[in-house]
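Only heavy atoms go into these numbers, but all of them, side chains included; no hydrogens, no water, no symmetry mates. The residues of the chain are indexed from 1 along the displayed sequence.
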Amino acid sequence: MTNPEFELAPELKRDCIDLADWPLCKVLLLNDSQYPWFVLVPRQPALREIIDLSEGDQIVYLKESAKLSKLIMNVFKPDKLNIAALGNMVPQLHIHHIARFTTDAAWPAPIWGKYPAVPYTELQITELKKALQF
């Protein structure tokens, strides 16, 4: 399912923390502690759209998205879980999973560009990995 030619988009390398490699996807954490914001990226080269995956990998992608969604819901208990595959700024196929709370800084507006990112501390990353069992 993964390909040795896969390379993570530079924007995702710059803005995210690598948490885990699942059978198909790299699990990333956007480095902004204001929101529990995760990104799933299939480890295959030159993908832009979900339909670029084989049918079998589309199913795996959906299952891994569901697995991440359940982890987020169980650990963070958000008021809303936003899931989106936009790709306007980063064309590489990736799906955002963002836990939103009525008390978060941007609620109810979209979070993109609303406020400058507040990076995670090493302790916060360690605690998050432990809570999510990564």
Side-chain angles (χ1 to χ4, degrees):
M1 277 193 257
T2 61
N3 186 307
E5 295 175 18
F6 167 77
E7 190 170 326
L8 190 62
E11 301 88 348
L12 295 174
K13 278 184 192 176
R14 179 193 67 221
D15 295 341
C16 296
I17 298 159
D18 194 336
L19 292 180
D21 284 333
W22 285 353
L24 177 64
C25 293
K26 185 168 278 301
V27 183
L28 305 172
L29 171 68
L30 197 90
N31 195 8
D32 185 352
S33 63
Q34 298 172 96
Y35 318 96
W37 182 347
F38 301 85
V39 181
L40 277 183
V41 184
R43 292 187 323 271
Q44 296 181 0
L47 298 176
R48 295 177 65 91
E49 307 297 339
I50 293 171
I51 58 172
D52 294 337
L53 290 164
S54 70
E55 283 188 31
D57 284 346
Q58 288 177 34
I59 292 167
V60 173
Y61 201 22
L62 180 60
K63 286 181 177 181
E64 290 185 2
S65 176
K67 176 181 176 179
L68 179 58
S69 297
K70 288 176 186 174
L71 281 170
I72 292 168
M73 295 302 286
N74 289 335
V75 170
F76 297 101
K77 306 202 181 333
D79 297 307
K80 179 70 177 100
L81 178 59
N82 292 343
I83 300 172
L86 301 173
N88 297 341
M89 301 296 289
V90 179
Q92 181 176 45
L93 176 59
H94 62 288
I95 298 179
H96 297 270
H97 294 68
I98 308 164
R100 295 296 309 270
F101 301 88
T102 57
T103 56
D104 74 42
W107 184 268
I111 60 178
W112 276 272
K114 186 81 171 171
Y115 298 105
V118 177
Y120 283 94
T121 65
E122 288 300 319
L123 178 60
Q124 287 174 311
I125 295 167
T126 300
E127 289 175 350
L128 196 132
K129 284 181 178 180
K130 191 181 300 181
L132 292 166
Q133 300 176 2
F134 286 139

Can you list the residues that meet the salt bridge (charged side-chain N to carboxylate O under 4.0 Å, His left out) rule with Asp15, with sequence neighbours excluded? none
Contact summary for Pro78 and Met73, nearest pair of heavy atoms: CG-SD, 3.5 Å
Mark yes or no for whether Glu11, through its side chain, and Val90, through its backbone, hold a donor-acceptor pair below 3.5 Å. no
Minimum heavy-atom distance between Pro42 and Phe6, given as atom pair plus value: O-CE1, 3.2 Å
Which pair of heavy atoms, one from Tyr120 and one from Leu30, lies closest together, and at what distance? CE1-O, 3.4 Å
ring-ring contact (aromatic ring centres under 6.0 Å, His included) partners for His97, two or more places apart: none
Side chains of Leu24 and Gln44: does their closest heavy-atom pair fall under 4.5 Å? yes
Contacts of type side chain to side chain contact (heavy atoms under 4.5 Å, CB included), residue Leu71, not counting sequence neighbours: Trp22, Leu132, Phe134
Heavy-atom closest contact (Ala99 atom, Leu81 atom, distance): N-CD1, 4.1 Å
So, Asp104 side chain and Arg100 main chain: donor-acceptor pair closer than 3.5 Å or not? no
Heavy atoms of Asp52 and Arg48 approach each other most closely as OD2-N, 3.0 Å
To check you understand the geometry: which heavy-atom pair defines the closest contact between Val41 and Leu93, and what is its length? CG1-O, 3.5 Å
Validation row: Leu128, Phe76 side chains within 4.5 angstrom (heavy atoms): yes
Judged by atom type as modelled, is there a donor-acceptor pair below 3.5 Å linking the side chain of Gln34 to the main-chain atoms of Ala105? no
